[in-house]
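Report on the structure given below.
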There are 2 protein chains.
Amino acid sequence: MRSRTDTRSKIVELAQQLLLERGYNGFSYQDISKPLGVKNAAIHYHFPTKEDLGVALINEFREILHTRTTDFMQSGGNPVNQLEGYIGFILDSFKRDKTICPMGILAVDLFTLPEKMQIHAQLLVNEMIRWLTRVLDAGRDAGLFFFNGPAVDKAVAVKSVLQGAAQLARLNGAGILDNAVVQLRRDLGRA
Amino acid sequence: MRSRTDTRSKIVELAQQLLLERGYNGFSYQDISKPLGVKNAAIHYHFPTKEDLGVALINEFREILHTRTTDFMQSGGNPVNQLEGYIGFILDSFKRDKTICPMGILAVDLFTLPEKMQIHAQLLVNEMIRWLTRVLDAGRDAGLFFFNGPAVDKAVAVKSVLQGAAQLARLNGAGILDNAVVQLRRDLGRA
DNA sequence: GTCTATAACGTGATAGAC
DNA sequence: GTCTATCACGTTATAGAC
């Protein structure tokens, strides 16, 4: 029993995979329509332009972030659990199919992206940093993390390590990402 | 007085800028030939396929890395100077024209790249990690850096921070990169 | 909501003249 | 070493039938 937007959600799901795997300029409407067994025009019905599709994908990432960070909050509210939940999500995603963080992908492609996508990508990054800053700040106050300087600086550093290491792991093997995570924990005084 | 490969080197120079700015799938032969005032066929003469051009670009990055790390070595051989030289290079590049590290770009585009490019990209990353590991290890032995765990783990973490933070800075402003660098120094016990 | 058909253009690439 | 000319194909996108 398929809802009336079944195709639409299948398009979003596949396009998301393709964006994460190949970047915004690395996939086409054909790459979506062929596996789904529909025609290009069907995709244009749901997303008139590729920009519309791109914006929908970024908003999907923002929703995932919101859902998962809310999850982390609820599961104890412990800052360690929250950070480790995010780290686990990144490790699992990479190990499944070498998925890397969408923010790095959007940053690399940024100057080729339609304007609306650029704006929504900025929102995504801001939301991520805001959440991670809160987690680290609360964890330091509770004596669970140890670091100097403003929490927002540490948040950017932590996010950057995870993002960058997953990228390097594509080129050098998954072990490099595991080791970077271990080092990250050491640098938070947790090892 | 132009050498017989003047056009060739101009192609490489411009293509490098384009790759760093837009990713491998974000520029075309036209983007190179038009500004240079030559025809597409002229580029195909020097680089029969885009793969050939791409490999040449990666090898250029490898040469730059080799030249600059040799520089750092010679200018005192001090591990702090070596690391700070690399950091300064990244900061300057970003502030000039929002240039980010080619390794992140190649990682994002990896599964769309011709085979030879993928292989050369792996070499580039391996060489980078090897150099940075040596610098950090020597610095720790000399009591200049402070960190726990294998130097190679810290090298990956340091490289990842710089790479990831420059990407986030494209979306959030240059300040975020500066702050990540400050945090990086703190986490090396240097602030 | 999906289709066929088509438009308008950009892409990487090649042959052969100069 | 660079040109003109051309190719075959893929791209995003639209109009209109069903």
Side-chain angles (χ1 to χ4, degrees), chain A residues 1-19 21-58 105-106 109-118 120, chain B residues 1-19 21-58 105-106 109-118 120:
Chain A
M1 180 178 81
R2 54 188 56 187
S3 84
R4 88 179 199 286
T5 54
D6 188 51
T7 295
R8 184 193 168 97
S9 61
K10 278 183 185 166
I11 291 168
V12 170
E13 187 185 8
L14 179 51
Q16 203 169 95
Q17 271 183 259
L18 287 165
L19 175 63
E21 187 178 309
R22 305 165 61 89
Y24 183 72
N25 300 309
F27 72 93
S28 69
Y29 274 46
Q30 277 206 37
D31 296 324
I32 301 169
S33 60
K34 211 178 290 181
L36 293 188
V38 298
K39 299 298 169 185
N40 279 3
I43 306 179
H44 279 286
Y45 168 78
H46 294 286
F47 304 98
T49 71
K50 198 179 176 184
E51 174 172 18
D52 295 319
L53 176 58
V55 170
L57 294 181
I58 296 176
I105 296 168
L106 294 168
D109 293 338
L110 189 67
F111 303 126
T112 73
L113 297 182
E115 197 183 2
K116 282 177 192 166
M117 284 188 69
Q118 297 193 23
H120 283 73
Chain B
M1 178 178 86
R2 53 189 57 187
S3 83
R4 87 178 199 288
T5 55
D6 186 51
T7 294
R8 184 193 168 97
S9 59
K10 277 182 185 166
I11 291 169
V12 170
E13 186 184 7
L14 178 52
Q16 204 170 95
Q17 271 183 259
L18 288 165
L19 175 63
E21 187 178 310
R22 305 165 59 89
Y24 183 71
N25 300 310
F27 72 94
S28 69
Y29 274 46
Q30 278 207 37
D31 296 324
I32 302 169
S33 60
K34 211 178 290 181
L36 293 188
V38 297
K39 299 298 168 185
N40 277 4
I43 306 179
H44 279 287
Y45 168 78
H46 293 286
F47 304 98
T49 71
K50 199 179 175 184
E51 175 172 15
D52 295 320
L53 175 57
V55 169
L57 294 182
I58 297 176
I105 296 168
L106 294 168
D109 293 339
L110 190 67
F111 303 125
T112 72
L113 296 182
E115 197 183 1
K116 281 178 193 167
M117 283 188 70
Q118 297 193 23
H120 283 73

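Note that this is a predicted model, so its numbers are computed, not measured.
Taking atom CG of residue B:Asp52 and atom P of nucleotide C:dG12, one finds them 13 Å apart after rounding to whole Å. In this entry the distance linking CG of A:Leu53 with P of D:dA13 reads 10 Å, nearest Å. Note: CD1 (A:Ile32) to C1' (C:dT2) measures 16 Å, nearest angstrom. Taking atom OH on B:Tyr29 and atom C1' on C:dC9, their separation rounds to 20 Å, with Å as the unit. Rounded to whole angstrom, the span from the NE2 atom of A:His44 across to the P atom of D:dA13 amounts to 6 Å. Atom NZ in B:Lys10 sits roughly 10 Å away from atom P in D:dT2 (whole-Å rounding). The distance from atom CG of A:Asn25 to atom C1' of D:dG10 is 14 Å, rounded to the nearest whole Å. Taking atom CG of residue A:Asp6 and atom C1' of nucleotide C:dT2, one finds them 13 Å apart after rounding to whole Å.
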Which atoms of nucleotides 3-5 of chain C (N or O only) lie under 3.5 Å from a protein N or O atom, and what are those distances?
from: C:dC3; atom 1: OP2; to: A:Lys39; atom 2: N; distance (Å): 2.8

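Taking B:Pro35 as the reference, B:Leu14 meet the side-chain contact (heavy atoms from CB on, under 4.5 Å) condition, with sequence neighbours excluded. Evaluation of the side-chain contact (heavy atoms from CB on, under 4.5 Å) rule for A:Gln118 yields A:Leu110, A:Leu113 as partners, not counting sequence neighbours.
Across all strands shown, B:Tyr45 has heavy atoms under 4.0 Å from base atoms, whether or not it also approaches the sugar-phosphate. Looking at heavy-atom distances under 4.0 Å, B:Phe27 makes contact with sugar-phosphate atoms alone, never a base.
At the phosphate of D:dT2, OP1 or OP2 sits under 4.0 Å from a side-chain N or O atom of B:Thr7. Phosphate contact (OP1/OP2 of D:dG10, side-chain N/O of A:Ser28, threshold under 4.0 Å): absent. Applying the 4.0 Å criterion to OP1 and OP2 of C:dT11, one finds that B:Gln30 has a side-chain N or O inside that range.
Between the CG atom in B:Asp109 and the CD1 atom in A:Ile105 there is a gap of 9.5 Å [rounded to 0.5 Å]. To the nearest 0.5 angstrom, A:Tyr24 atom OH is 13.0 Å from B:Asn25 atom CG.
Minimum interatomic distance between A:Gln16 and A:Leu57 (heavy atoms only, all atoms of both residues): N-CD2, 3.8 Å. Closest approach of A:Phe47 and A:Tyr29 over heavy atoms only: O-OH, 3.2 Å.
Atom CD of A:Glu51 is surrounded by more than 12 heavy atoms from other residues, nucleotides or ligands within 6.0 Å.
Comparing atom distances between the A:His46 side chain and each of C:dT2, C:dG12, D:dG1 picks out C:dT2 as nearest.
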